[in-house]
Amino acid sequence: MAAVEDLSGTAPAYRTAIYGDVEDNRCFYERAVVLPNGNLLATWQRSFPLVTSWRGMKSFYFYESADLGKTWTKVSELDASEFPGLSRDKVGMCGLYVLPQDLGDFAAGTILFAVSDWDAAAEYCIHIWRSEDDGRTWTRHSDLAPWGGAKRSVWEPEFAVSGDGRLVCYYSDERQDGYDQCLAQEISTDGGLTWSDYTIIVGKGSPNWILGVSETMWRPGMPRVTRLCDGTYFMVYENIAGGHNGMAACRTSADGIHWGDPEDPGIPIMTASGEAAYQSPMLASMDDGSTYERLFVRGMNDTCSPSMCFTSVDGGKSWELTDAPLTAVRDEPTGSGWSGTFLAVDDQLIELGNCYNGAFNEIQCGYGLLCGGQLLVSGAEYKFVNQSSGLCLDGSGEPEHSLALGIDTGEDTQTWRIDRTSGTCFVISQEGSAYALRENSASTSESGWVFCPDGSGGYQIQSAASGLCWDAAGQSPEELRLSAPSESPAQRWQIERVYRIARLRSSNLSDCHIYHDKDGSAVIANASGPYTLTQSQWRVIPGLADGNGITLESVDMPGYFLRHDGERVVLSKGDGSEDLRQDATWIQHESLDHRGGISLEAQNMPGLYLRHRDGGLVVSEISTPLDKQDASFSMTVQ
């Protein structure tokens, strides 16, 4: 039998916090690679140049993980100012690459680390170091992209080995006359010691275009490149001007050198429903057995759910949405959510990104397992629905007792969090509690479950200890038991993601949502205002003072809650006080204007409802038809 057991402190949260503090509070631009021994190596920029007037950059730290991102250890530091003729003051936007084969005098496994240098006093715009000991020590390797007479820089170096065995560096280039920015490449025949064959591969120029005078033109940038299993090279990049609005687009090459017409804007990345990825894309390809491999793409301003990314199995011809290992927290002034990294390791997708937590950017690592075409995300919440009966796994009974099945009620007792422990094994725990699911006969150390796809979209769920499977065909149809694997539909389960990220749109101001500003005020505003998307996104959690209610936690400021403070509705940091728990708990009702939405009543002030008034949010009594409309909202959960 399976039961719920108190495993306080033992169920791991796989979304690892790697780095960040009040001193290095604006870390961003994460890059990571898989080393030849299977370990991960990561680095990032420790300063956000947009808030430092593009000066005062810091050294680079390198961290290694031997367990696919679960734990990390600092292994080295690189300070550009320690090398003759260089300064760290204006370097960043790094690239990281592992040579997949011997090139020149350098063996496969050699790591290249490159930075952009935007100091006009420098001789070159890109500097490269190499490491031949898995990132422990670094040697100056080479430079490329000379400054010459230009007073503009190049950015965002990315590497690949071409089909004929040459090393290619792709980058964003502002130096060319007549171009606002273009994507360029240079080629090396000696493992990156010398560079030549400069070529513009994406860009639209004009001989009459003048910086600062002419209208902004194309600015393709942030190239990310991967080679697919059929030998095709796939590139994704942003285009942030010239009417493209940050569109993420893609193109392919047969050899990694010839990319087609440079003035072709590329194929935009979007779903059938019109959602598209925007700006600073990340890219990974995973060999899932399909002809072209499975592609994963994410931008920093995607219009989809912050818990999702874009995926393609036909080489980028079409796209659909899938879960992402991290829930994005976008905050432009801090660099939060700006240019992270995907890594595909076998059937596992690793994501490095950063989250502004209200005080500093926290570098995070998330994990997802591609299983039966579905990405199962460690740390995410799911509902388990039996294919035979349609009933959900329900943990509302007493701990240490057998688990029940019940009709889908939407209660939190039917929501389960999965956390990867090792390999493809997960702990399954009740969200919001210390209780985890285990086999009665298994020890705590053996507790864990393996998801086995059945080829038709469903799963068998096996005990890692015994190999027995969840079975809904017990003596009681509402009780879960464990049985030897069989073809019975009672052993087939749908695993459905539970999303808790919500936006609340006004009923009578249809283009306006509830936002918070940086001063902690709650406002009603539209997308043309000075607010980011994540300032209108809320994590819906059980009420802090009453589980029958709900509490709205800010997505981009975790630990801050929407509460009433007297009449005003504000965003306040959780302090554990009873007053805050009460003030931040709302009772959800059918919308007072009866248009199918919701209205929120203050749990500790019955009869007072959250409403918008004069651009802000308040709680008040409701009497007139206008009051009812102002207190009604459509809640879209992502």
Side-chain angles (χ1 to χ4, degrees), residues 28-29 31 45 48-51 53-54 90-95 114-120 125-126 144-148 150-158 169-186 198-225 234-251 253 259-270 276-283 297-303 330 332-333 335 337-340 532:
F28 83 120
Y29 207 97
R31 292 295 183 266
Q45 199 163 325
F48 186 48
L50 294 186
V51 296
S53 299
W54 293 89
K90 291 188 175 185
V91 297
M93 315 307 185
C94 60
V115 296
S116 298
D117 188 335
W118 55 90
D119 187 347
C125 296
I126 294 177
L144 71 153
W147 268 89
K151 298 303 180 186
R152 304 175 73 200
S153 188
V154 311
W155 313 96
E156 305 141 2
E158 176 88 347
C169 182
Y170 312 94
Y171 55 83
S172 311
D173 187 1
E174 294 179 322
R175 303 167 301 164
Q176 306 308 314
D177 291 339
Y179 287 85
D180 190 348
Q181 183 169 280
C182 57
L183 290 186
Q185 68 185 24
E186 293 189 45
Y198 175 89
T199 307
I200 293 174
I201 55 175
V202 183
K204 186 174 184 179
S206 168
N208 301 317
W209 186 85
I210 302 174
L211 174 66
V213 177
S214 305
E215 183 178 348
T216 301
M217 289 175 48
W218 281 26
R219 281 188 63 83
M222 200 72 70
R224 310 300 290 268
V225 178
F234 183 89
M235 175 187 288
V236 61
Y237 52 93
E238 68 183 21
N239 201 345
I240 61 175
H244 294 287
N245 194 33
M247 175 187 72
C250 62
R251 61 178 63 211
S253 168
W259 295 91
D261 181 0
E263 295 194 3
D264 182 345
I267 301 172
I269 295 172
M270 59 180 63
Y278 288 88
Q279 208 164 342
S280 298
M282 60 182 80
L283 167 68
V297 170
R298 186 171 205 171
M300 73 181 192
N301 291 315
D302 294 345
T303 60
R330 183 76 184 97
E332 178 76 15
W338 189 328
S339 192
T532 64

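Nothing fancy with the numbering, it's 1 onward along the sequence.
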Practice task
Check the side chains of Y170 and R224 for a donor-acceptor pair under 3.5 angstrom, ignoring hydrogens and angles.
Solution key: no
Handout entry: I267/R251 under side chain to side chain contact (heavy atoms under 4.5 Å, CB included): CA gap, chis, key distance, verdict
Key = CA-CA 6 Å; I267 301 172; R251 61 178 63 211; over 6 Å; no
Practice task
List the atom of G203, the atom of E263, and the distance in Å for their closest heavy-atom pair.
Solution key: O-CG, 3.5 Å
Practice task
Answer whether the closest heavy-atom distance between the side chains of M235 and I201 falls below 4.5 Å.
Solution key: yes
Exercise for the section: Give a yes or no on whether the backbone of P220 and the side-chain of Q181 come within a donor-acceptor separation of less than 3.5 Å. Expected result: yes
Fill in the blank from the handout: The residue among E156, Q45, E238, R31 that forms side-chain hydrogen bond (donor to acceptor under 3.5 Å, both in side chains) with S339 is R31
Problem - D177, CG: over 12 other non-hydrogen atoms inside 6.0 angstrom - result: no
Problem - Between CD1 on residue I200 and CG on residue D173, distance to nearest 0.5 Å - result: 7.0 Å
Handout entry: Check: N239 side chain, R219 main-chain N or O, donor-acceptor pair, under 3.5 Å
Key = yes
Exercise for the section: Of all the heavy-atom pairs spanning M222 and P281, show the shortest one and how long it is. Expected result: CG-CD, 3.9 Å
Problem - Contact summary for R152 and D180, nearest pair of heavy atoms - result: NH2-O, 2.8 Å
Exercise for the section: Specify whether Y198 and Y171 have parallel, tilted or perpendicular ring planes, treating 30° as the upper limit for parallel and 60° as the lower limit for perpendicular. Expected result: tilted
Problem - Expected output: side-chain S280 to main-chain M300 donor-acceptor under 3.5 Å - result: no
Exercise for the section: Show your working on side chain to side chain contact (heavy atoms under 4.5 Å, CB included) between Y179 and W218 and close with a plain yes or no. Expected result: CA-CA 8 Å; Y179 287 85; W218 281 26; over 6 Å; no
Problem - Nearest non-hydrogen partners of L50 and W54, listed with the distance - result: CD2-CZ2, 3.3 Å
Completion exercise
Rounding to 0.5 Å, atoms CD1 (I126) and CD (E186) come to a distance of 7.5 Å
Practice task
Test S206 against M217 for side chain to side chain contact (heavy atoms under 4.5 Å, CB included), laying out the working first.
Solution key: CA-CA 9 Å; S206 168; M217 289 175 48; 4.2 Å; yes
Practice task
Assess the pair F48 and W338: is the distance between their ring centroids shorter than 6.0 Å?
Solution key: yes
Handout entry: Sole residue of C125, C94, C169 in side chain to side chain contact (heavy atoms under 4.5 Å, CB included) with P157
Key = C169
Exercise for the section: To the nearest 0.5 Å, tell me how far M247 CE sits from M270 CE. Expected result: 7.5 Å
Problem - Shortest non-hydrogen contact from G266 toward Y237 - result: CA-OH, 3.5 Å
Exercise for the section: For C250 and F234, work out which heavy atoms get closest and say how close. Expected result: CB-CZ, 3.3 Å
Problem - Residues K204, D261: salt bridge by 4.0 Å N-O rule - result: no
Problem - Check: M93 and V115 side chains under 4.5 Å, non-hydrogen atoms - result: no
Handout entry: Distance, nearest 0.5 Å, that separates OG1 of T199 from CG of L183
Key = 12.5 Å
Exercise for the section: Using modelled atom types only, decide if a donor and an acceptor are shared between the side chain of S153 and the backbone of D117 within a distance under 3.5 Å. Expected result: yes
Exercise for the section: Determine, step by step, whether E174 and W155 satisfy the side chain to side chain contact (heavy atoms under 4.5 Å, CB included) criterion, reporting the C-alpha distance in whole Å, the side-chain angles of both residues, the deciding distance to 0.1 Å, and the verdict. Expected result: CA-CA 8 Å; E174 294 179 322; W155 313 96; 3.2 Å; yes
